[in-house]
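Comments concern the structure below.
In this text, all values refer to a predicted model and were calculated from it rather than measured experimentally. Just so we're on the same page: letters track the sequence lines, and every chain starts at 1.
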Amino acid sequence: MLRLLANRFGAMLLTMLCLTLIVFFLVNLEPNLRKLSISQTNMRASDEMIERWLDYNGYREPFLERYAQWLGVMKKQPARDVDTGEPKPRFSFCDEPPVATYSGILQGNLGCSTMFRQPIHERLLPALQSTGILMFWVMATMVPSALVIGILAGMREGTNTDRTLSVVSITSTATPEYVSGVVFTVIFASWLGWLNGSAVTATTQGVSVYNFALPVMTMAIYGMGYIARMTRASMAEVMTSQYIRTARLKGLKFHTVVLRHALRNALIAPFTVIMLQFPWLLTGVVIVEVMFRYQGFGWVLVEAAGNNDIDMLLSCSIVSVLVVLSTQMISDIGYAYLNPRIRVR
Amino acid sequence: MEYVGFGQIVLGILTQLIPVWIAIFVVMGLSWTFHRKLSLYGRIYESPAGLIGLFIVFFWLFCALFADLISPFDPLEQFAILKNKGPGVIEPTTGLVQYLGGDKFGRDVFSRMISGSQIVMVIAPAATMFAFVVGISLGLPAGYYRGKIDSILSFLANMVLAFPVILLFYLLVTPGIRETALPQSMAGVFFIFPILFFGMLFYSRFRERPQKLMWQLAIVLIFGGWVYISLVFDADPFGVLSLEPNELNIFVAVVFASSPGVFRIVRGLTMDIATRDYVAAAQTRGEIPFYVMLWEILPNARGPLIVDACLRIGYTTILLGTLGYFGLGLVPESPDWGTTIKEGSRLLRLYYHPALPPAIALMSFVLGLNLLADALREQSLKD
């Protein structure tokens, strides 16, 4: 078990290293750097000014050297002022020492956001917290409803209930967030007027049904169908097994058989599926947060990507890769733990 | 502004779609008559859900084919006086009806929805096919040889899968990227796979018969090379095939994002099928590994792969919609469903008629594909 963990952990680190290198390469492509320097100096900067800005801020150093500096295994040179050439902190809103130091992610320094004019952690942590709240409510509505639909459909395979619920869950997997968001907003906000079509107030005034139900519903719908389908398949398989027949034949009531005997084994597979839903949710978070103007992780990501905010994009990719890989790991370990047949000794 | 009533709107749309109804009637009628002879495709006609799915898919397919016949207006033509007008508004100069109203530039929502289907129908299946060829070409050796090749390829696939799709698209599909050689070089790598795949397919089968092999390889090379040159370098000598730089960019990004998923499925299936007796028989006969992979394992993995292809075309459609929704890659006035949903959802509280039709169109198409995939899975399990 320990070796498995160590292996997975090593693979995870390697993946993160490779991915951040790719992201680093993409955000440092010449057109992107020019876009950044134009937005950072002023709109009418001459080519010469842009070149000097890029040079003095250290964007012209060799690529791998800069990646090493960002990692924190090489010393980062201080930036120089464009007019005087004197060393000065790159950004007024972020303190950087005027001498060469090790300051990368290994030292816990995520860098500065050129878009939000803040150190990354000051912006990213509250955003992650907001997204955490959203995720919590999405999970809290999506998982139970998906499990109920899946179990109801799977316990009596082939009946009308099963067919209806299957169509419901297929429909929900065919409804991406930007479609259900539009449909729900039209129904619940424009037409009935029950809910607020924007979640801006959720960050300032706290979460309420009025401002939060729409984003949560929108996100939950897309993931729900898939979990329900998996639960149904797993439930249907368990219901045909020998021990369920035995339980039925010895005269137990149907609901006892379902709740006591079938459910425990039927829920192993959905557990993995639920954990593997997180990467999907990450995409959903971006769409929903942009759609309902909720200032969480996804919103920050989109803003950063639109302005080529290098440090912010790198931090966002670290966060998302961490989420994806750790949920994968939890699902593997959880599966081994829940299923006695493949438990690793 | 003059409007026509609800009944006339419904009737009008149904009449506009007459070419589609006729085509569906002919195709599905013929298939129904001969459905016992049509193997897996014919058996879809035995399940009601599959029939509905097939109907929806055919509906959008023929909408895309006959888009010019169906749409009353040019999808890009703007009418200043029809701005945000509701469904059924009559355009005064021509007397034509905008059945689903006008959007914020007075463009016809109905015509835009119909031409949006063209974009989806071209890119989604084509990108999925390319992703399948890439996934199969890499998944077969990984699952068959295992060991180092498998570890390296699986690591790469998992890496791409660990990347959140949206971040990947924000980094890969931007105007800035198009100034560099990146999309072209990625296309250069991806589009070589079909040539390799088909070349290997024929070589492994007919390597003992050089005469037959010669002309097969020649066809693969000439045809594949023609497609390769026209798509990657946009230099088709005949001027038939061409891809705009932004379309190439989207195409490459979509193939890149979905091929690791195919790779994983193919790898898993290969590992399973490689233990069968007929594979052992082929190995004992002394067939080369590529023959075993391409002519023994692949045909026997077709069932799950067809089902997955259906689902994946739907997923690609959703991805394209996401790209459009974030304004990535496609031009702002493009009538594709994602872009129109984005445009419409800005003014959603005031006018909801421009946003709903493309949203429902996208959903119904993906639903049709999902129902189809479900029916196919059920029917292929009956064997």
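Heavy-atom distances place no part of A:Arg163 under 4.5 Å from chain B, backbone and side chain included. Using a 4.5 Å cut-off between heavy atoms, B:Leu371 touches chain A through backbone and side chain atoms alike. If you measure heavy-atom distances from B:Phe326 to chain A, the contacts under 4.5 Å come from the side chain alone. If you measure heavy-atom distances from A:Met291 to chain B, the contacts under 4.5 Å come from both the backbone and the side chain. Of the two parts of A:Leu325, only the side chain, counted from C-beta on, holds a non-hydrogen atom closer than 4.5 Å to a non-hydrogen atom of chain B. Contacts of B:Ala49 with chain A are absent, with no heavy-atom separation under 4.5 Å from either backbone or side chain.
More than 12 non-hydrogen atoms from other residues, nucleotides or ligands lie less than 6.0 angstrom from CG of A:Asn7. Enclosure of atom OH in A:Tyr67 by more than 12 non-hydrogen atoms of other residues, nucleotides or ligands within 6.0 angstrom is indicated. Heavy-atom neighbours of A:Glu303 CD from other residues, nucleotides or ligands within 6.0 Å: above the threshold of 12.
Contact record, A:Ala174 with B:Met363: O-CG, 3.5 Å, taken as the closest heavy-atom pair. Scanning all heavy atoms of the two residues, the minimum distance from A:Thr171 to B:Leu367 falls at CA-CD1, 3.5 Å. The minimum heavy-atom distance between B:Gly321 and A:Tyr178, with the atom names listed, is CA-OH, 3.2 Å. Heavy-atom minimum distance, B:Phe155 versus A:Ala11: CE1-O, 3.9 Å.
Here the SG atom belonging to A:Cys316 is positioned 12.5 Å from the CD1 atom belonging to B:Ile166, to the nearest 0.5 angstrom. From A:Ile187, atom CD1 reaches atom OH of B:Tyr352 across 10.5 Å, with rounding to the nearest 0.5 Å.
No other option in A:Leu19, A:Ile22, A:Val183, A:Val23 has as many heavy-atom pairs under 4.5 Å with chain B as A:Leu19. Ranked by heavy-atom pairs under 4.5 Å with chain B, the first of A:Val290, A:Thr185, A:Leu301, A:Ile287 is A:Ile287. Per-residue heavy-atom pair counts under 4.5 Å with chain B were compared for A:Val324, A:Thr283, A:Val186, A:Asn308, and the maximum is reached by A:Val186. When each of A:Val167, A:Val302, A:Val321 is scored by its heavy-atom pairs under 4.5 Å with chain B, the top score falls to A:Val302.
B:Val165 places none of its side-chain heavy atoms less than 4.5 Å from the side chain of A:Leu282. At least one side-chain heavy atom of B:Leu182 sits under 4.5 Å from a side-chain heavy atom of A:Phe25. Inter-residue side-chain proximity for B:Thr322 and A:Pro176 is flagged as unmet; no heavy-atom pair is nearer than 4.5 Å. Looking at heavy atoms from C-beta onward, A:Val179 lies out of side-chain contact with B:Ile318 at the 4.5 angstrom threshold. Between B:Asn158 and A:Gln328 there is no side-chain heavy-atom pair separated by less than 4.5 Å.
Of the N and O atoms on the side chains of A:Thr173 and B:Asn370, at least one donor lies less than 3.5 Å from an acceptor on the other residue.
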